[in-house]
Amino acid sequence: MSLIHESAETLGALIASGDVSSREVTQAHVDHIAAVEPDIHSYLYVDAERALAQAKAVDSRLAAGEKLGPLAGVPIAVKDVFTYVGAPTTCGSRILEGWMPPYNATVVDRILGAGMVILGKTNMDEFAMGSSTENSAFGPTHNPWDLARIPGGSGGGSAAALAGFEAPLSLGSDTGGSIRQPAAVTGTVGVKPTYGGTSRYGLVAMASSLDQPGPCARTVTDAALLHAVIAGYDPHDSTSIPAPAPDVVGAARVRDVAGMRIGVVKELGGEGYDPGVKQRFQETVEALALAGAEIVEVSCPHFDLALGAYYLIMPSEASSNLARFDAMRYGLRVGDDGNNSAEQVMRLTRRAGFGQEVKRRIILGTYALSSGYYDEYYGSAQKARTLIIADFTAAFEKVDVLVSPTTPTTAFKLGERINDPLAMYKADLCTIPSNMAGNASGSFPVGLAPEDGLPVGFQVMAPPMRDDLVYRVGGAVESTLEDVWGHTMLAQLAKETR
Ligand code: GLN
C-alpha cells in the first residue's frame with residue numbers, strides 16, 4: 001500500500017517514529033488530489049503550499065524531540081462549513097463566494113493544535129441542505145465507487161475525499177445525517193457526536209438545535225482518534241456540555257460486544273429499503289449475536305414522525321439563521337450602484353446568491369414560524385420531537401444501543417432525485433431521529449449490496465454522552481467484516497478504487 005492508502009493511525013505512528021515525514025505524507029496526498037480531482041471534485045479549495053508548510057513545521061518539532069499527539073502530521077480535509085482563517089468559507093453557496101472568515105472554528109483550532117495538516121475545504125450541499133452534494137453552487141461531487149453516482153450529502157466532499165484516498169481523515173457536520181449518510185454510501189465511517197459534545201463555534205449555522213461537528217474516516221479507530229481531538233467543552237458554544245468527553249479511542253479498540261444488549265429498531269427497515277441493504281444489515285446483526293451480544297427488537301413508534309417534524313424544525317431554524325446573509329455583512333453584494341435602496345440590494349443579493357433548495361427552505365421555515373401557523377406547524381413539530389426523545393429514553397432502558405441501516409438505499413445516480421425533494425429527503429429517514437434527540441450515532445461500512453456492488457452502512461445509536469458505545473459496537477462490526485472478508489473495508493476500497 002502506498003501512503004495514501006494507509007490509515008490515519010498508521011500514518012501518525014510512521015510520522016512519530018520518523019519512518020516517514022509528514023511532508024512526504026502530505027505531498028503524496030497533494031499529488032493524488034491533483035490526479036483525481038477532475039473526476040471526483042471532493043474539494044472546493046486546496047492549499048498545497050500551506051499544507052506542506054504545516055507538515056514541515058510538525059516534522060521540525062518532532063525532529064527537535066517534541067512529543068506530539070497520535071495524529072500529529074496527519075493530513076485532514078475540512079468541510080467548507082467550518083471557518084478556517086486564510087481560506088475562503090463558502091458553505092457551497094454563491095452568497096459566500098470568496099468570503100474570508102476572521103476566526104477559526106473551535107474544532108479547526110483543535111485540529112491545528114493536534115499538529116494535523118489541513119489540505120483544504122471540501123464540497124457540500126449549499127448551507128448543508130441536501131443528501132447528494134448536488135445542491136453545491138460549485139458543481140457536484142462524484143462517488144469514487146461509481147462516478148455516475150452521488151457521494152451522499154450534505155458532506156459528500158468529506159466522504160468522497162476519504163473513499164477517493166484524497167485524505168485519510170475529514171471533518172463533517174451532521175444536522176439530519178450529513179456525516180452518516182455520506183459515510184454509508186461511500187463505504188466509510190462517520191460519527192455524529194452527542195449534541196453538545198463537539199463545539200459548534202465557527203460552524204456556519206443551519207439549524208442550531210440539530211447541527212453537530214463530527215469525524216469522518218476509513219476506520220473506526222481513525223474516527224475515534226479524530227473525535228478525541230475535536231470533542232470536549234468549549235465556552236464559546238452555549239450548548240457545549242461541560243463534562244469530560246467519553247473515552248472513544250479506548251472503546252474503539254475493545255472490538256467486543258459480548259454481553260451488550262443491542263436493539264434493532266422495528267420501524268427502520270422493511271418496505272422501501274433495498275434488499276441488499278436489508279441483507280447486509282441482517283448479516284451484521286447476526287454476526288454481533290454470534291460475538292455474544294443479546295439482540296432484541298425494539299419499537300420506537302414515533303420515529304415515523306421524525307422526517308416530517310425535521311422538515312419543519314430545520315427550515316424554521318435555517319430561515320432565521322440565514323437572515324444574517326443580508327448583503328451587508330458577508331460575501332456577495334448585488335445592485336449596490338447608488339440607485340437601489342438597502343432593502344432592494346438585500347433582495348437582489350439573496351435572489352442571486354441563494355440556490356433553489358435554500359430558498360425553498362427559507363420560505364418553508366418563514367411560513368411555519370408565521371404567527372397564524374406557528375402552533376400548528378412549529379409547535380406540533382416540537383411536540384413530535386419530545387415524543388421521539390421519549391422513544392429513545394424508553395429504548396435505552398432496555399438496551400445499550402439501537403441499530404438500523406444508515407440509509408434505505410445505496411448511492412443513487414446523480415440527477416435521479418434532484419427534481420424530487422421528497423425522494424431526496426427520504427435518504428435521511430434513519431439518521432434524523434438522533435439529531436432530533438441529540439444522542440450519539442455513527443455509521444459503519446458493512447460490505448457491498450449484492451445487487452449493485454455499492455457500499456452499505458450500519459447505524460449504531462447510543463444514549464447522550466455514551467459516544468463510546470457507538471465506537472465499541474462500530475469496532476466490533478469492523479472486526480466481523482474482517483472475519484468475513486479476511487481484510488478490512490479499507491483494503492477493499494484501495495483495491496476497487498483508483
Ligand atoms: N439531508 C438533510 C437535509 O437536507 C440533512 C443535512 C445535514 O445533515 N446537514 O437537511
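In each ligand, atom 1 is the first atom listed, and ligand 1 is the first ligand listed.
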- Identify the protein heavy atom lying closest to atom 1 (N) of ligand 1, giving its residue, its atom name and the separation to 0.1 Å. Asp428 OD2, 2.5 Å

- Can we say Asp468 and Arg466 salt-bridge, meaning some charged N sits less than 4.0 Å from an Asp/Glu carboxylate O? yes

- Item | Distance in Å, Ser154 OG paired with Glu357 CD, rounded so as to fall on 0.5 Å steps | 11.5 Å

- Where ligand 1 meets Tyr311 - atom numbers and elements under 4.0 angstrom, heavy-atom basis: 2 (C), 3 (C), 4 (O), 10 (O)

- ligand 1 versus Arg361: contacting region, heavy-atom distance under 4.0 Å: side chain

- Query: ligand 1 versus Thr175, non-hydrogen atoms closer than 4.0 Å: side chain, backbone, both, neither?
  - Reply: both

- Between Asp80 and Lys121, is the closest basic N to carboxylate O distance under 4.0 Å? yes

- Note on the structure: A student checking ligand 1 against Met129 at a 4.0 Å heavy-atom cut-off should list atoms 4 (O)

- Task: Would you mind checking which non-hydrogen protein atom is closest to atom 5 (C) of ligand 1, with the distance to 0.1 Å?
- Result: Tyr310 OH, 3.3 Å

- Pick one of side chain, backbone, both or neither for how Met206 approaches ligand 1, counting any non-hydrogen atom pair under 4.0 Å. side chain

- For Gly130, the ligand 1 atoms with a heavy-atom partner under 4.0 Å come out as 1 (N), 2 (C), 3 (C), 4 (O), 6 (C)

- Message: What's the separation between atom CD in Glu416 and atom CE in Met424, rounded to the nearest 0.5 Å?
- Response: 9.5 Å

- Relative to the heavy atoms of Gly176, which atoms of ligand 1 are at a distance of less than 4.0 Å? 5 (C), 7 (C), 8 (O)

- Item | Atoms of ligand 1, numbered as shown, that sit under 4.0 Å from any heavy atom of Ser154 | 9 (N)

- Task: Count the heavy atoms belonging to other residues, nucleotides or ligands that lie under 6.0 Å from NZ of Lys383, then report whether that count exceeds 12.
- Result: no

- Message: Please evaluate residues Asp237 and Arg200 with respect to the criterion salt bridge (charged side-chain N to carboxylate O under 4.0 Å, His left out), reporting the C-alpha separation (whole Å), side-chain torsions for both, the decisive distance (0.1 Å), and the verdict.
- Response: CA-CA 6 Å; Asp237 174 358; Arg200 291 184 296 110; 3.6 Å; yes

- Distance flag, aromatic centroids of Phe138 and His41, threshold under 6.0 Å: no

- Query: Of all the atoms in ligand 1, which lie at a distance below 4.0 Å from a heavy atom belonging to Ala128?
  - Reply: 6 (C), 7 (C), 9 (N)

- re atom 6 (C) of ligand 1, the protein heavy-atom contact at minimum distance is Ser178 OG, 2.8 Å

- Message: Could you check whether any side-chain heavy atom of Ser170 comes within less than 4.5 Å of a side-chain heavy atom of Lys79, counting everything from C-beta outward?
- Response: no

